[in-house]
Amino acid sequence: MSWQKKLDEWHKAGILPASTAQAIRNYEETQPRLTDAIWRYGLFGLAALCIGLGLWFIIAANWQSIPFSVKLGGHTLLNLAFGAATIYFYRTRHDIVPAVEIPLLLTAAGQLSIMALIGQHLHISSPMEDVMLHWWLLIVPMLLLVGRTFFSGALVLGLTIFVAVTKLDLDFRAYFIPIFTLAPALYILSHAPKFKSLKPGWIVITRLIGLYTPLFFAVLILIEPSAFAGRRNAASEIIYNNLFGGVLIAAALFYLWREKSTALNLQHHAHHVLAIILATATAGLGQILIFAKNDHTTMAIVFCAFFLALGRIAYHHQRRWMLSAAILFVAGRMIVYFSQMSNNMLVTGVAMIAIGLGAIYLMRKLLPHMKAHA
Amino acid sequence: MTRSKIIFAALAAALFLPTLVNLYGFFSLSDKAEARPVFRLKLGGFDPRDFSRGRYANLRIEWLPDETEPDCVTPQQTKPDPKTGRLYGGQRPRLQCQFCITKTADGATHTAFIPPDEIKKRSCAVVIPRVTVNFQSNGVTNLQAWHNSMMRFYLDERLADRVDAALRNNKHEFSADVSFDDKLKPYPREFYIDDKPYRDFIEGR
């Protein structure tokens with residue numbers, strides 16, 4: 001129940017005088033709404049996601065045309081930049097764990113991918129255990145020095161066990177494996193700050209990441225990577241993709257349910273959840289229809305027009321969750337359409353950047369005109 | 001040095017050194033690969049893969065020599081296989097013929113299957129030991145190296161499907177420019193279809 005309804009109830013019950021109820025109402029209306037912040041962060045996240053994926057697709061589409069020296073130089077600079085960002089945030093924002101941890105994990109992951117890049121160029125086919133041992137040697141010092149979260153601990157633990165078992169031919173039951181591998185991980189975990197100690201701004205962003213990460217994968221799955229391999233329109237793949245998308249959405253719902261007792265309650269998140277469910281379910285339905293009719297263009301136009309109309313109604317009635325659904329669906333539908341029609345990652349990448357820029361435009365133009373959520 | 005400077009130095013080393021180590025590894029491996037002689041060898045089997053969208057083909061060197069010393073081909077007759085009728089001479093532990101790879105004056109690759117005492121007389125650039133000889137009933141000699149003869153060759157993703165089709169088509173001959181490291185592990189440098197670099201063959205140049 002919203003606070004406005006509660007106020008009305010208390011006023012009707014004679015607990016609160018009309019002047020006080022009106023004063024509370026006046027005060028609250030002047031305060032920035034939490035939903036505004038979530039909406040803006042969410043839309044910004046979606047825009048950043050689209051632009052990031054778009055750039056990724058454009059690079060991927062031209063991967064074979066990019067000279068190796070440019071790839072190696074670019075990747076090296078990226079790795080060094082992640083390392084520099086880790087040091088910067090470690091020294092200036094030590095209390096904000098994600099600010100340090102995210103560039104740290106990206107630095108660690110960057111070592112593995114640059115090894116893969118070099119290996120492909122020189123046609124080296126090293127055994128997996130050799131690759132993992134090399135990676136372990138490179139990243140464990142940085143994870144032990146800087147890492148403070150479960151992810152760092154799990155990475156150190158998992159890699160150490162893998163390397164120990166595969167490279168040293170050790171038995172899983174050997175006593176010293178748990179001692180030498182669990183000890184550093186437990187040390188890291190014991191120093192990991194509690195979730196509640198994060199600053200409010202980061203709490204919002206962290207939870208939105210928790211919400212939009214499944215969406216990210218759902219969108220990726222809906223794009224159907226198989227479309228690029230010339231195996232599109234396979235019924236089993238469509239069903240599988242949508243089932244998988246459903247599981248991810250269920251994970252998002254579980255995450256939100258678990259967080260409902262906190263300041264950001266389920267009611268606030270419900271707008272996003274409904275938007276995601278609607279967007280994914282309709283995109284899935286659209287895919288099945290496309291499979292039946294084999295007419296991508298008509299279906300894309302019909303569904304986009306329907307959801308744009310829905311978005312217009314939502315805007316008129318100030319229903320943000322409907323507007324969210326419309327934007328998310330149109331974005332998802334356009335991505336699927338471009339990927340299926342063009343079978344070209346370059347076109348898809350450009351389309352996604354356009355969608356991301358469109359989301360930023362909407363955020364700047366439409367949101368200031370919307371009233372506080374009532 | 002103050003405590004904070006030590007911490008900073010340790011952090012910088014932990015975060016930047018791995019990238020520099022990887023770069024050093026690349027230049028070191030690249031220099032070594034450039035310095036090694038390259039031989040054009042025929043390919044036997046293949047195993048096309050599509051692992052996480054990274055397209056590569058596992059190519060197998062076919063150890064068929066241009067020249068074979070008579071001592072290395074005399075079959076040691078044993079019991080024929082009841083199913084195939086093949087006579088397996090199997091390994092020749094006494095003679096232990098070896099695979100000698102040389103470069104001719106015109107830069108071509110010459111391969112020979114020769115006894116060990118011949119190895120010193122010839123200027124072999126690479127000697128592949130422990131080669132097993134199978135004798136088949138139809139007289140065809142099939143050499144197999146115990147040595148690892150599989151190589152992973154990363155293909156241009158845009159051409160991978162057509163290369164895959166060509167590999168599955170038995171009408172073509174495949175070869176590769178190969179260099180060997182100190183442990184005799186083979187590294188492919190270029191892949192040829194009907195003596196043309198695979199890019200040229202696929203694009204009809």
Side-chain angles (χ1 to χ4, degrees), chain A residues 60-65 68-69 72-73 75-88 90-91 100 103-104 106-108 110-127 134-147 225-226 228-230 345, chain B residues 4-34 36 47 49-59 148 150-161 176-179 181 185-191 199:
Chain A
N62 293 293
W63 189 247
Q64 296 290 340
S65 310
F68 176 73
S69 55
L72 185 67
H75 204 320
T76 303
L77 287 178
L78 202 62
N79 280 5
L80 294 176
F82 285 141
T86 309
I87 290 183
Y88 173 77
Y90 186 83
R91 288 168 75 87
V100 181
L104 170 70
L106 287 172
T107 312
Q111 308 310 320
L112 187 62
S113 72
I114 203 169
M115 282 157 61
L117 181 69
I118 293 168
Q120 283 203 4
H121 180 69
L122 296 174
H123 302 287
I124 297 170
S125 52
S126 299
H134 188 68
W135 194 40
W136 183 86
L137 289 170
L138 293 178
I139 70 166
V140 164
M142 70 171 81
L143 292 176
L144 288 177
L145 272 174
V146 187
S226 58
F228 299 119
M345 284 202 284
Chain B
S4 66
K5 280 183 181 173
I6 293 170
I7 291 172
F8 179 76
L11 281 178
L15 288 161
F16 295 137
L17 269 182
T19 304
L20 300 178
V21 166
N22 274 329
L23 265 191
Y24 171 77
F26 165 71
F27 286 114
S28 166
L29 285 170
S30 191
D31 283 350
K32 280 182 187 170
E34 289 296 323
R36 290 183 199 122
D47 182 11
R49 291 289 164 96
D50 180 9
F51 179 71
S52 297
R53 306 273 156 194
R55 300 271 185 159
Y56 64 83
N58 276 328
L59 306 173
N148 176 21
M150 295 298 288
M151 307 177 292
R152 183 177 293 180
F153 188 86
Y154 289 90
L155 301 158
D156 185 326
E157 287 179 16
R158 295 166 297 187
L159 309 176
D161 283 341
D177 278 348
V178 182
S179 62
D181 68 7
K185 186 179 176 185
Y187 290 91
R189 302 286 290 274
E190 182 56 280
F191 172 46
R199 280 192 176 85

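Note on naming: letters A, B, ... go to the chains in the order of the sequence lines (proteins, then strands), and numbering restarts at 1 for each one.
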Worked check of side-chain contact (heavy atoms from CB on, under 4.5 Å) between B/L11 and A/T86
CA-CA 9 Å; B/L11 281 178; A/T86 309; over 6 Å; no
Answer whether the closest heavy-atom distance between the side chains of A/L72 and B/L23 falls below 4.5 Å.
yes
Relative to chain A, which segment of B/A12 carries a heavy atom at a distance below 4.5 Å: side chain, backbone, both, or neither?
both
Quick one: which of A/M142, A/M115, A/H121 has the most heavy-atom pairs under 4.5 Å with chain B, could you say?
A/M142
Checking A/L104 against chain B: side chain, backbone, both or neither under 4.5 Å from a heavy atom?
side chain
Let's test your reading of the structure: which of A/A108, A/G110, A/A84 forms the most heavy-atom pairs below 4.5 Å with chain B?
A/A84
Can you tell which part of A/L80 gets under 4.5 Å to a heavy atom of chain B, answering side chain, backbone, both or neither?
both
Looking only at heavy atoms and a cut-off of under 4.5 Å, which of A/I87, A/T107, A/L145 has the most pairs with chain B?
A/I87
Looking at side-chain heavy atoms only, is the closest gap between A/T76 and B/N22 below 4.5 Å?
no
For residues A/Y90 and B/F8, establish whether the separation of their ring centroids is below 6.0 Å.
no
As an exercise, state the distance from CD1 of A/I139 to CG of B/L15, rounded to the nearest 0.5 Å.
11.5 Å
Would you say A/L122 and B/Y187 make side-chain contact, with heavy atoms under 4.5 Å?
no
Quick one: what part of A/I124 sits under 4.5 Å from any heavy atom of chain B, side chain, backbone, both or neither?
both
Return the option, out of A/H134, A/Q64, A/R91, A/Q111, with the maximum number of heavy-atom pairs under 4.5 Å with chain B.
A/Q64
Counting only N and O atoms by type, is there a donor-acceptor contact under 3.5 Å from the side chain of A/H123 to the main-chain atoms of B/Y154?
yes
Stepwise ring-ring contact (aromatic ring centres under 6.0 Å, His included) test for B/F26 and A/F68:
CA-CA 12 Å; B/F26 165 71; A/F68 176 73; 5.2 Å; yes
Where does B/L159 contact chain A at under 4.5 Å (heavy atoms): side chain, backbone, both or neither?
neither
Looking only at heavy atoms and a cut-off of under 4.5 Å, which of B/A14, B/P18, B/S30 has the most pairs with chain A?
B/P18
